[in-house]
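Okay, structure first, notes after.
In this chain, numbering begins with 1 at the start of the sequence shown.
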Amino acid sequence: MFVRPLRRLLGRPLAVSYFHTTPTSWASRKVIKKFNLADIGEGITECEVIKWNVKPLAAVQAFDALLEVQSDKASVEITSPFDGTVKEFLVQEGQIAKVGSGLCLIETEEEYSDEQDALSEVVNKPASSLGENPNNNSAEQIFSRADLVFAAPSVRHFARQMGVDLGLLVPGSGKDECPIPPQHEDVVVDLGRTRYGMWKAMVKSLEIPHFGYSTTLDISALHDILPVLNAHIPTHYLPESSRPTTPLAIILCIYPTPSPGPVPESQQYTRLTYLPILIKTLSKAMIEWPLFRSSITPSSTPISDASKPTLTIRPNADIAVALSTPTGLYTPTLQSANTHSIYSLAAQLTHLSHLGRQVPSGLTTKEMPKRGGTITVSNVGAIGAGDFASPVLVPGGGVAIVAIGRAKWVWDVDRGDGSGERRLKVGISWSGDHRVVEGAELAAFVECWRGYVEHPQRLIGEGV
């Protein structure tokens with residue numbers, strides 16, 4: 001409680017009180033300061049932000065741990081230089097920060113006197129009001145207030161990359177009013193941690209001899225049963241607003257229906273797609289073909305005749321799903337897909353999509369275990385209109401990968417009484433690890449899968 005009075009006494013020269021009729025008043029105001037990445041030595045020029053230890057709008061004190069960064073040589077914990085409130089992250093997890101660039105904005109309190117305030121007013125007055133030449137536009141008269149500009153974090157990040165000071169820009173005219181200016185110069189963008197991981201994985205994929213196989217699946221039967229499945233989605237998978245009202249007579253029955261338990265909002269949905277059905281039928285085919293439930297056993301020694309590689313055959317069908325997210329490509333795993341219902345698989349896919357949309361990504365080792373799927377599914381048809389693709393296997397990514405194209409209605413001349421029929425078909429493109437999967441085995445496995453897709457009634461007979 002004695003800090004501020006003592007500061008007033010020591011900070012005010014004694015001679016000033018003799019020449020001023022009014023004593024100087026002191027107060028505090030909030031200012032936003034940019035906290036920059038300092039030089040951490042050893043010739044390091046940039047670091048990757050691994051983890052923020054605080055959340056936006058969190059209060060911090062000096063020397064509190066703010067974040068962890070990773071350089072080429074070590075992991076470093078960075079602490080706060082002052083007390084305040086973290087207003088905004090300037091670098092997100094997984095992004096690269098240059099030495100000297102901003103890490104975050106922190107709102108702090110600083111003391112000032114009325115003398116300083118008056119001096120600030122004089123400095124900020126236009127040149128014409130000070131009796132100077134109005135045409136003398138010196139740099140000292142321009143003050144940026146970028147911290148007060150209303151802008152999204154992505155906009156601030158892009159402005160920093162382009163060297164644009166948001167505080168000096170004329171306010172915009174509104175949404176969709178101004179066209180984006182054309183780019184006239186090269187822009188160099190650093191690869192983040194996820195994309196750099198994809199870079200390395202794709203380079204390693206050249207070690208795998210790929211065998212490609214493409215065909216189409218007739219999903220007309222799935223199209224016919226999909227409305228029925230959508231009409232009977234279990235209540236606990238529906239959002240609260242879409243759940244039907246239970247009649248009072250049922251509520252008062254002698255013994256209530258067992259409840260499956262609450263389902264998180266991230267797993268709730270109102271409509272099924274073909275993907276969970278295709279994954280369920282694929283898992284049934286994998287149970288019949290143990291080769292596609294296998295993974296190459298990792299070996300710590302170089303391959304030789306004395307130590308030949310082996311396959312580990314799993315008891316259940318672990319299927320990875322290629323997930324395109326704002327931060328890069330991930331392949332979370334649906335473990336033991338054969339033990340789940342179509343509705344349960346749809347809930348898991350919805351949850352994975354929810355985690356992937358977060359920035360930084362919400363996917364963890366729970367969704368992406370070290371032992372991933374033995375088959376990977378890429379639903380490229382959900383984005384483009386292509387029928388086929390050339391999916392690529394990466395080391396540790398299983399023995400095969402399939403890309404599913406967009407479903408299209410086509411005229412099949414081989415159906416019906418000779419005049420043909422209109423059928424819904426989808427193109428599928430496979431790549432198998434030719435070191436362990438023969439071409440005939442992959443073709444036969446796909447035909448086994450076709451048997452379930454084109455005749456989904458089999459799932460009823462086999463108890464799903």
Side-chain angles (χ1 to χ4, degrees), residues 201-202 204-219 222 274-299 303-305 307-322 331 333-340 345 371-381 387-405 425-456 458-459 461-462:
M202 290 298 104
K204 294 286 289 182
S205 71
L206 299 176
E207 301 175 1
I208 301 176
H210 286 58
F211 174 81
Y213 181 79
S214 299
T215 185
T216 58
L217 298 178
D218 190 328
I219 59 173
L222 298 185
Y274 295 114
L275 184 59
I277 308 176
L278 292 174
I279 289 178
K280 177 63 180 182
T281 53
L282 181 62
S283 71
K284 298 290 287 186
M286 291 170 68
I287 295 300
E288 294 190 24
W289 282 81
L291 174 62
F292 294 91
R293 284 184 279 119
S294 67
S295 55
I296 299 176
T297 307
S299 175
I303 298 176
S304 64
D305 291 339
S307 60
K308 296 179 181 179
T310 58
L311 294 177
T312 300
I313 299 176
R314 307 180 189 180
N316 290 302
D318 297 334
I319 301 176
V321 180
T331 53
T333 303
L334 300 170
Q335 301 186 59
S336 303
N338 56 293
T339 64
H340 290 271
L345 289 173
R371 192 172 94 155
T374 61
I375 285 181
T376 301
V377 175
S378 177
N379 188 23
V380 296
D387 297 323
F388 301 99
S390 298
V392 178
L393 276 170
V394 297
V399 296
I401 180 173
V402 58
I404 302 175
K425 295 195 176 185
V426 62
I428 56 171
S429 307
W430 283 87
S431 287
D433 188 336
H434 215 359
R435 296 174 298 181
V436 294
V437 178
E438 296 180 10
E441 291 172 324
L442 181 57
F445 170 72
V446 173
E447 291 307 308
C448 178
W449 183 28
R450 182 195 303 277
Y452 283 100
V453 172
E454 299 186 357
H455 304 282
R458 292 178 58 185
L459 297 177
E462 297 181 12

Donor-acceptor list for residues 371-379 side chains, cut-off 3.5 Å, not counting sequence neighbours:
{"unit_1": "Thr374", "atom_1": "OG1", "unit_2": "Phe292", "atom_2": "O", "d": "2.8"}

If you round to the nearest 0.5 Å, how far is CD1 of Ile219 from NZ of Lys425? 11.0 Å

Is there side-chain contact between Ile401 and Val394, with heavy atoms separated by less than 4.5 Å? no

Tell me whether Ser431 contacts the main-chain N or O of Pro391 through its side chain, where contact means a donor paired with an acceptor under 3.5 Å. yes

Are the side chains of Val402 and Val446 in contact, using a 4.5 Å heavy-atom criterion? no

Is it true that a side-chain atom of Asn338 and a backbone atom of Ala317 form a donor plus acceptor pair closer than 3.5 Å? yes

Sub-4.5 Å side-chain heavy-atom contact between Lys284 and Trp449: no

Taking all non-hydrogen atoms of both residues into account, name the closest pair between Ala337 and Ile279 and its distance. CB-CG2, 4.4 Å

Donor-acceptor contact below 3.5 Å, side chain Thr281 vs main chain Val453: no

Do Leu291 and Ser294 have side-chain heavy atoms sitting under 4.5 Å apart? yes

Does any part of the side chain of Ser283, heavy atoms only, come nearer than 4.5 Å to the side chain of Ile319, both counted from C-beta? yes

Counting neighbours of CD on Glu438 that are heavy atoms of other residues, nucleotides or ligands and sit closer than 6.0 Å, is the number greater than 12? no

Pairwise side-chain contact, Arg450 with Thr215, heavy-atom cut-off 4.5 Å (strictly under): yes

Shortest non-hydrogen separation from Tyr213 to Glu447 and the atoms involved: OH-OE2, 3.9 Å

Taking only residues two or more places apart in sequence or in another chain, which ones pass salt bridge (Lys or Arg N to Asp or Glu O under 4.0 Å) with Glu207? Lys204

Would you say the side chain of Gln335 lies within less than 4.5 Å of the side chain of Asn316, judging by non-hydrogen atoms? no

Do any N or O atoms from the side chain of Arg435 and from the backbone of Pro209 form a donor-acceptor pair under 3.5 angstrom? no

How close do Ile208 and Pro395 get, heavy atom to heavy atom, and via which atoms? CD1-N, 3.7 Å

So, the side chain of Arg314 versus the backbone of Arg293: is there a donor-acceptor pair under 3.5 Å, distance only? no

Nearest 0.5 Å, what's the OG-CG distance between Ser295 and Leu311? 7.5 Å

Okay, side chain of His434, backbone of Gly432: is any donor-acceptor separation there less than 3.5 Å? no

So which atom in Leu345 and which in Pro276 form the shortest heavy-atom distance, rounded to 0.1 Å? CD1-O, 3.8 Å

Taking C-beta and beyond as the side chain, do Val380 and Phe388 meet within less than 4.5 Å on heavy atoms? no

Hey, could you give me the CD1/CG distance between Ile404 and Leu275, rounded to the nearest 0.5 Å? 5.5 Å

For Asp318 and Ser336, indicate whether the former's side chain and the latter's backbone hold a donor-acceptor pair under 3.5 Å. yes

